[in-house]
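Handing you this structure, nothing more for now.
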Amino acid sequence: MRTATLGPARRAESLAAMAERELDVLVVGAGVVGAGTALDAATRGLSTGLVEARDWASGTSSRSSKLIHGGLRYLEMLDFALVREALKERGLLLERLAPHLVKPVPFLYPLQHKGWERLYAGSGVALYDAMSMARGHGRGLPMHRHLSRSHALRVAPALKKDALVGALQYYDAQMDDARFVTTLVRTAAAYGAQVANRARVTSFIREGERVVGARVQDVEAGGEYEIRAKQVVNATGVWTDDTQSMVGERGQFHVRASKGIHLVVPKDRIHSSTGLILRTEKSVLFVIPWGRHWIIGTTDTDWDLDKAHPAASSADIDYLLEHVNSVLHVPLTRDDVEGVYAGLRPLLAGESDATSKLSREHTVAHPVPGLVVVAGGKYTTYRVMAKDAVDEAVHGLDLRVAECVTEDTPLLGAEGYRAMWNARARIAARTGLHVVRVEHLLNRYGAMAEEVLELITADPSLGAPLHAAEDYLRAEIVYAASHEGARHLDDVLTRRTRISIETFDRGTRSAREAAELMAPVLGWDKDQVEREVEHYEKRVEAERESQRQPDDLTADAARLGAPDIVPR
């Protein structure tokens with residue numbers, strides 16, 4: 001199908017189109033749930049708008065553990081329904097909806113007690129696999145296996161010999177969360193949704209008690225739009241309560257933020273051919289393969305400070321290093337850490353004060369006529385949350401509306417991906433790129449990799465890698481601005497690519513080259529290039545400073561030392 005090109009002109013056209021005539025559905029918030037809701041509504045034939053105050057996935061949805069998983073630990077809580085639902089969604093994503101973006105990943109679970117633990121943990125993993133197969137969506141992943149201690153140490157030589165008596169190995173799946181959301185947004189746009197980032201809702205429009213739209217500020221160009229819609233969906237995650245306050249409604253539930261931080265270290269620092277899952281006193285700790293790196297996380301602590309830029313403190317980093325080093329033969333130090341990122345989980349508040357015990361279930365409500373709220377949940381089940389939100393919105397429409405079809409609607413890049421993967425050697429020969437580069441593009445863009453290759457054909461210099469971030473081609477920076485809605489340097493280095501967490505310099509050495517590549521697409525002059533680079537460098541320094549602070553309060557204050565919006 002035709003792809004959607006989200007360049008600067010398309011953004012302006014979308015904002016104007018949303019303000020021109022009443023929409024059926026306006027979605028506020030372009031994290032994974034909001035983007036999924038826009039896709040669901042558009043594919044049911046509804047006129048749909050999607051607005052985001054910052055960038056696609058700039059909140060929780062770019063700061064996760066990058067896992068698509070059934071939630072093995074929820075089995076221990078006997079939450080079979082949640083696990084069953086998530087396993088079905090994992091299978092759909094792997095096999096049908098996004099095979100170019102969602103990939104299998106192995107995990108080793110070290111056993112520390114003889115006898116009973118193998119029986120207990122083994123039964124749980126066996127049930128996990130059985131539930132996946134029973135839904136008919138487990139064929140894409142190998143079954144779990146039991147390993148002796150010597151076998152486990154061959155698979156993961158980095159482990160201390162006395163850290164385990166044996167192990168279990170099982171499979172889940174992973175993705176680049178921000179890239180996934182960008183693809184969701186583009187897919188929604190390809191099916192007719194009007195989408196705009198850097199478009200902030202400042203208030204809701206009401207007629208009597210009914211919400212009939214929203215006032216939206218264009219954060220980039222200035223000016224305000226009145227966007228009217230029969231139904232508005234609030235999909236703002238940890239900002240749910242803030243958004244609800246615009247209509248003077250506390251709502252029927254409360255969303256609390258739980259902070260989770262992750263460390264990124266080079267692949268050679270941990271000698272293993274598999275990911276690891278470790279028990280902690282509060283939850284579990286993952287060591288996740290991530291290209292030429294490992295992601296280590298996560299923490300789970302209450303957060304009531306700045307939601308836009310949650311900060312990782314020195315104590316958070318020490319916590320993760322201490323726990324992972326308890327099983328590693330060669331311990332990690334601060335010097336091994338390339339990147340750190342912090343995100344906030346939107347948890348439905350229950351009666352428990354501990355965020356690790358709050359619900360990962362989602363809920364949908366219609367607090368006032370014309371306004372639907374969707375909150376909670378987990379990344380893996382975004383499609384179910386989106387379906388439930390649109391189903392609720394449909395109740396308020398005087399229309400016959402089709403049923404949800406997203407279970408059978410592949411994301412852009414999925415169709416033709418496997419055929420192109422099989423032909424990757426021919427593509428490499430045709431383009432002059434190494435086959436490894438072609439594989440990299442296919443696993444980031446799927447069949448849309450052809451669009452990136454067309455940029456290189458038009459300008460062969462774009463086929464070279466970035467000087468200080470060689471995993472990425474120069475063409476990918478241009479493509480982010482011309483096709484994926486990137487408006488600022490931070491969008492590209494933090495979300496369209498992962499340079500900000502995959503290099504020891506946190507992307508500062510790539511900043512100028514990337515900004516100069518973006519400039520012709522976005523119409524920047526030399527002064528704006530300088531402002532973009534300076535803003536990015538200040539953001540990185542503020543993050544580094546926050547990570548030297550002892551606690552959340554001081555870390556938050558340090559992180560807020562950098563300006564939020566790039567001046568123009």
Side-chain angles (χ1 to χ4, degrees), residues 64-94 102 104-149 151-153 155-156 159 163-174 260 272-289 296-298 300 323-324 326-327 345 347 352 354-361 377-381 384:
S64 73
S65 297
K66 325 294 186 217
L67 293 177
I68 295 290
H69 62 114
L72 183 58
R73 70 191 180 102
Y74 297 116
L75 279 183
E76 195 169 31
M77 302 174 190
L78 305 181
D79 198 342
F80 299 111
L82 181 61
V83 175
R84 190 180 301 111
E85 180 178 79
L87 286 172
K88 176 190 173 183
E89 295 304 311
R90 184 190 72 177
L92 284 171
L93 289 164
L94 275 165
V102 180
V105 59
F107 285 103
L108 190 78
Y109 176 67
L111 301 171
Q112 297 177 316
H113 306 277
K114 290 187 176 180
W116 70 266
E117 190 182 15
R118 185 178 291 277
L119 180 63
Y120 178 75
S123 298
V125 176
L127 178 58
Y128 194 63
D129 280 349
M131 289 173 71
S132 176
M133 295 298 289
R135 300 292 294 184
H137 293 292
R139 294 182 297 277
L141 295 176
M143 299 291 285
H144 76 283
R145 57 180 183 158
H146 287 257
L147 305 180
S148 65
R149 179 164 70 172
H151 192 172
L153 290 171
V155 171
L159 293 174
L164 70 166
V165 297
L168 296 167
Q169 188 174 47
Y170 74 98
Y171 280 77
D172 255 319
Q174 71 176 160
S272 177
S273 61
T274 179
L276 304 172
I277 177 171
L278 312 170
R279 272 193 178 279
T280 70
E281 66 275 12
K282 295 179 181 177
S283 183
V284 294
L285 185 74
F286 286 102
V287 180
I288 305 161
I296 302 169
T298 179
D300 193 348
H323 280 79
V324 75
S326 69
V327 299
R345 303 175 192 86
L347 301 179
S352 169
T355 59
S356 58
K357 295 179 182 175
L358 296 181
S359 177
R360 297 310 304 270
E361 301 270 2
K378 54 202 288 284
Y379 202 110
T380 305
T381 56
V384 179

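Model, not experiment: these values are computed from the prediction. These values consider heavy atoms only, across backbone and side chains, with no hydrogens, waters or symmetry-generated copies.
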TODO: For residues Ile288 and Gln174, determine if any side-chain heavy atom of one lies less than 4.5 Å from a side-chain heavy atom of the other.
DONE: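 Ile288 vs Gln174: side chains touch.
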
Task: Met143 CE to Met133 CE distance, which is reported to the nearest 0.5 Å - done: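 CE of Met133 is found 6.0 Å from CE of Met143.
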
Open item on the list: Any heavy-atom pair between the side chains of Leu153 and Leu164 that's under 4.5 Å?
Closed with: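 Of all side-chain heavy-atom pairs linking Leu153 with Leu164, at least one is under 4.5 Å.
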
Open item on the list: For a 4.5 angstrom cut-off between non-hydrogen side-chain atoms, does Arg345 reach Asp300?
Closed with: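 Yes, their side chains come closer than 4.5 Å.
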
Task: Distance in Å, Leu94 CG paired with Glu89 CD, rounded so as to fall on 0.5 Å steps - done: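 One gets 11.5 Å once the value is rounded to the nearest 0.5 Å.
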
- [ ] Flag the pair Thr298 / Phe286 as yes when at least one side-chain heavy-atom distance between them is below 4.5 Å, and no otherwise.
- [x]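 A side-chain contact under 4.5 Å is absent here.
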
Open item on the list: My understanding is that only residues two or more places apart in sequence, or in another chain, count here; which of them pass side chain to side chain donor-acceptor pair (under 3.5 Å) with Ser272?
Closed with: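 Counting only residues at least two positions away or on another chain, Ser272 forms no side chain to side chain donor-acceptor pair (under 3.5 Å).
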
Open item on the list: As an exercise, state the distance from CG of Leu285 to CD1 of Ile296, rounded to the nearest 0.5 Å.
Closed with: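 Interatomic distance, Leu285 CG to Ile296 CD1, rounded to 0.5 Å: 7.5 Å.
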
- [ ] Check whether any side-chain heavy atom of Val165 sits under 4.5 Å from a side-chain heavy atom of Arg149, and report yes or no.
- [x]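 Val165 vs Arg149: side chains apart.
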
Open item on the list: Could you go through Val384 and Lys88, starting from their C-alpha distance and side-chain angles, then the distance that decides it, and tell me whether this counts as side chain to side chain contact (heavy atoms under 4.5 Å, CB included)?
Closed with: CA-CA 10 Å; Val384 179; Lys88 176 190 173 183; over 6 Å; no

Task: Contact summary for Val287 and Phe107, nearest pair of heavy atoms - done: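 Smallest interatomic distance, heavy atoms only, reads O-CE2, 3.9 Å.
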
Task: Min side-chain heavy-atom separation Leu87-Tyr128 under 4.5 Å - done: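 Yes; the side chains approach each other to less than 4.5 Å.
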
TODO: For residues Pro110 and Ala163, report the shortest heavy-atom separation together with the two atoms involved.
DONE: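 Distance-wise, the nearest heavy atoms are CB-O, 4.4 Å.
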
TODO: Any chance you could measure Leu92, atom CG, to Thr380, atom OG1, to the nearest 0.5 Å?
DONE: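 Between atom CG of Leu92 and atom OG1 of Thr380 there are 12.0 Å.
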
- [ ] Would you check if Met131 and Val83 make a side-chain contact, meaning some heavy-atom pair closer than 4.5 Å?
- [x]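 A side-chain contact under 4.5 Å exists here.
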
- [ ] Take Leu278 and His323, measure what side chain to side chain contact (heavy atoms under 4.5 Å, CB included) needs, and give me the verdict at the end.
- [x] CA-CA 9 Å; Leu278 312 170; His323 280 79; over 6 Å; no

Task: Where Ala86 and Thr381 come nearest, the two heavy atoms and their spacing - done: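 Shortest heavy-atom contact: CA-CG2, 3.9 Å.
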
Open item on the list: If I compare all heavy atoms of Leu276 with all of Ala156, which pair ends up nearest, and what's the gap?
Closed with: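 Leu276 and Ala156 have their closest heavy atoms at CD2-CB, 4.4 Å.
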
Task: Identified side-chain contact (heavy atoms from CB on, under 4.5 Å) partner of Leu141 from the options Ser132, Pro106, Pro104 - done: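 Of the listed options, the one satisfying the test is Pro104.
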
Would you mind writing out the side-chain donor-acceptor pairs for residues 115-127 within the sub-3.5 Å range, not counting sequence neighbours?
{"residue": "Glu117", "atom": "OE1", "partner": "Gln112", "partner atom": "N", "Å": "2.6"}
{"residue": "Glu117", "atom": "OE1", "partner": "His113", "partner atom": "N", "Å": "2.8"}
{"residue": "Glu117", "atom": "OE2", "partner": "Tyr109", "partner atom": "OH", "Å": "3.4"}
{"residue": "Arg118", "atom": "NH1", "partner": "His146", "partner atom": "ND1", "Å": "3.1"}
{"residue": "Arg118", "atom": "NH2", "partner": "Leu147", "partner atom": "O", "Å": "3.0"}
{"residue": "Tyr120", "atom": "OH", "partner": "Glu76", "partner atom": "OE2", "Å": "2.8"}
{"residue": "Ser123", "atom": "OG", "partner": "Leu119", "partner atom": "O", "Å": "2.6"}

- [ ] Check whether any side-chain N or O of Asp129 sits under 3.5 Å from a backbone N or O of His144 as a donor-acceptor pair, and report yes or no.
- [x]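 Yes, Asp129 side chain to His144 backbone: donor-acceptor pair under 3.5 Å.
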
Open item on the list: Quick check: do Tyr170 and Leu72 have side-chain heavy atoms less than 4.5 Å from each other?
Closed with: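 Yes, at least one pair of side-chain atoms sits under 4.5 Å.
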
Open item on the list: Rounded to the nearest 0.5 Å, what separates atom NZ in Lys378 from atom CG in Leu347?
Closed with: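 The NZ atom of Lys378 sits 12.5 Å away from the CG atom of Leu347.
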
Open item on the list: I'd like to know whether Gln169 forms a side chain to side chain contact (heavy atoms under 4.5 Å, CB included) with His151, so could you lay out the CA-CA distance, the side-chain angles of the two residues, the decisive distance to 0.1 Å, and finally the verdict.
Closed with: CA-CA 11 Å; Gln169 188 174 47; His151 192 172; over 6 Å; no

